[in-house]
Asker: 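Here it is, the structure in full.
Numbers for residues simply follow the sequence, beginning at 1.
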Amino acid sequence: QVQLVESGGGLVQAGGSLKLSCVASGRSIFSINAMGWYRQAPGKQRELVAAITSGGSTNYADSVKGRFTISRDNAKNTVYLQMNSLKPEDTAVYYCNAVIYVVRVGVDDYWGQGTQVTVSS
């Protein structure tokens, strides 16, 4: 019923910037309560990077505060992650997540397929 599609990943040098986008689509979407970004590096657990509610409240991992900015366009069901001053430790697969109420289904978490971000030294 729901599909999340990420874009914007790639290869960048340390100190550079990337902007990730994620669009949620589905005919039965009633509301999206929150959207966020997670990442997972090889050998590590998936971790929350940033999240934003429908009202605009944000939450960031300590490791990215001051460097990353999350935003959303509610009319387009889209969330963005602007990543500045990138470091090699930011290298990971980044996943979009959304908490969505779907008609006839209820509230559930949905995930995108992931997009690779690689930061070279």
Side-chain angles (χ1 to χ4, degrees):
Q1 297 90 344
V2 175
Q3 184 177 35
L4 303 182
V5 180
E6 301 112 327
S7 62
L11 175 65
V12 66
Q13 294 184 358
S17 299
L18 286 173
K19 186 175 183 178
L20 306 183
S21 300
C22 173
V23 180
S25 62
R27 296 187 64 198
S28 298
I29 293 176
F30 183 80
S31 63
I32 301 178
N33 295 331
M35 303 185 77
W37 292 93
Y38 291 72
R39 68 186 181 187
Q40 187 168 22
K44 299 182 66 176
Q45 294 183 328
R46 186 174 299 187
E47 64 175 351
L48 174 68
V49 178
I52 186 168
T53 69
S54 60
S57 298
T58 59
N59 183 41
Y60 295 93
D62 289 340
S63 60
V64 306
K65 287 181 178 178
R67 299 188 297 119
F68 292 8
T69 302
I70 189 170
S71 61
R72 66 186 290 175
D73 186 334
N74 291 335
K76 298 180 179 179
N77 289 339
T78 301
V79 64
Y80 306 94
L81 185 67
Q82 178 66 51
M83 304 184 292
N84 299 325
S85 301
L86 283 163
K87 305 174 181 179
E89 66 190 67
D90 296 318
T91 296
V93 177
Y94 284 70
Y95 296 91
C96 178
N97 171 260
V99 179
I100 302 175
Y101 180 81
V102 178
V103 176
R104 301 180 184 177
V105 177
V107 178
D108 204 355
D109 288 343
Y110 295 87
W111 293 90
Q113 79 287 352
T115 184
Q116 177 70 48
V117 172
T118 302
V119 184
S120 62
S121 301

Asker: Check S17 against N84 and note the closest heavy-atom contact, atom names and distance.
Answerer: OG-OD1, 2.9 Å
Asker: Over 60° means perpendicular and under 30° means parallel, so tell me whether W111 and Y95 are parallel, tilted or perpendicular.
Answerer: perpendicular
Asker: Which heavy atom of V117 sits nearest a heavy atom of G9, and at what distance?
Answerer: CG2-CA, 4.2 Å
Asker: Honestly curious: do V107 and V103 fall in one hydrophobic cluster under the side-chain, below-4.5 Å linking rule?
Answerer: yes
Asker: Testing I52, V49, T69 one by one against Y60 for a side chain to side chain contact (heavy atoms under 4.5 Å, CB included), which residue passes?
Answerer: T69
Asker: Test side-chain contact (heavy atoms from CB on, under 4.5 Å) on W37 and C96; report intermediate values, then the result.
Answerer: CA-CA 5 Å; W37 292 93; C96 178; 4.0 Å; yes
Asker: Does a salt bridge link K65 with D62, judged by any charged N lying under 4.0 Å from a carboxylate O?
Answerer: yes
Asker: When you look at V105 and Q1, which way does the side-chain contact (heavy atoms from CB on, under 4.5 Å) test go after all the steps?
Answerer: CA-CA 9 Å; V105 177; Q1 297 90 344; 3.7 Å; yes
Asker: Nearest 0.5 angstrom please: D73 CG to Y80 OH, how far?
Answerer: 5.0 Å
Asker: My understanding is that only residues two or more places apart in sequence, or in another chain, count here; which of them pass ring pair (Phe, Tyr, Trp, His ring centres under 6.0 Å) with Y110?
Answerer: none
Asker: Looking at side-chain heavy atoms only, is the closest gap between R67 and K87 below 4.5 Å?
Answerer: yes
Asker: Go through the steps for Y38 and V93 under the test side-chain contact (heavy atoms from CB on, under 4.5 Å), then give the verdict.
Answerer: CA-CA 8 Å; Y38 291 72; V93 177; over 6 Å; no
Asker: Drop me the distance from I100's CD1 to I29's CD1, to the nearest 0.5 angstrom.
Answerer: 4.5 Å
Asker: Backbone N or O of G114 within a donor-acceptor pair of the E6 side chain at under 3.5 Å?
Answerer: yes
Asker: Can you tell me how far apart CD (Q82) and CG (L18) are? Round to the nearest 0.5 Å.
Answerer: 8.5 Å
Asker: Closest heavy-atom contact between A92 and A41?
Answerer: CB-N, 3.9 Å
Asker: Just wondering, do R72 and I32 contact through their side chains at under 4.5 Å, heavy atoms?
Answerer: yes
Asker: Do you know the tightest heavy-atom contact between L4 and A24?
Answerer: CD2-CB, 3.2 Å
Asker: If two hydrophobic side chains count as joined below 4.5 Å and joins carry through other members, does F68 share a cluster with V12?
Answerer: yes
Asker: In Å, rounded to the nearest 0.5 Å, how long is the span from CE of M35 to CG of L81?
Answerer: 12.0 Å
Asker: Without hydrogens or angle criteria, can the side chains of N33 and S54 be said to hold a donor-acceptor pair below 3.5 Å?
Answerer: no
Asker: Count the heavy atoms belonging to other residues, nucleotides or ligands that lie under 6.0 Å from CD of Q113, then report whether that count exceeds 12.
Answerer: yes
Asker: In Å and rounded to the nearest 0.5 Å, what is the CG to CZ distance from D90 to R39?
Answerer: 5.0 Å
Asker: Donor-acceptor pair, distance only, cut-off 3.5 Å: does the side chain of T91 make one with the backbone of V119?
Answerer: yes
Asker: Between atom CG of N97 and atom CG of L48, what is the distance when rounded to the nearest 0.5 Å?
Answerer: 8.5 Å
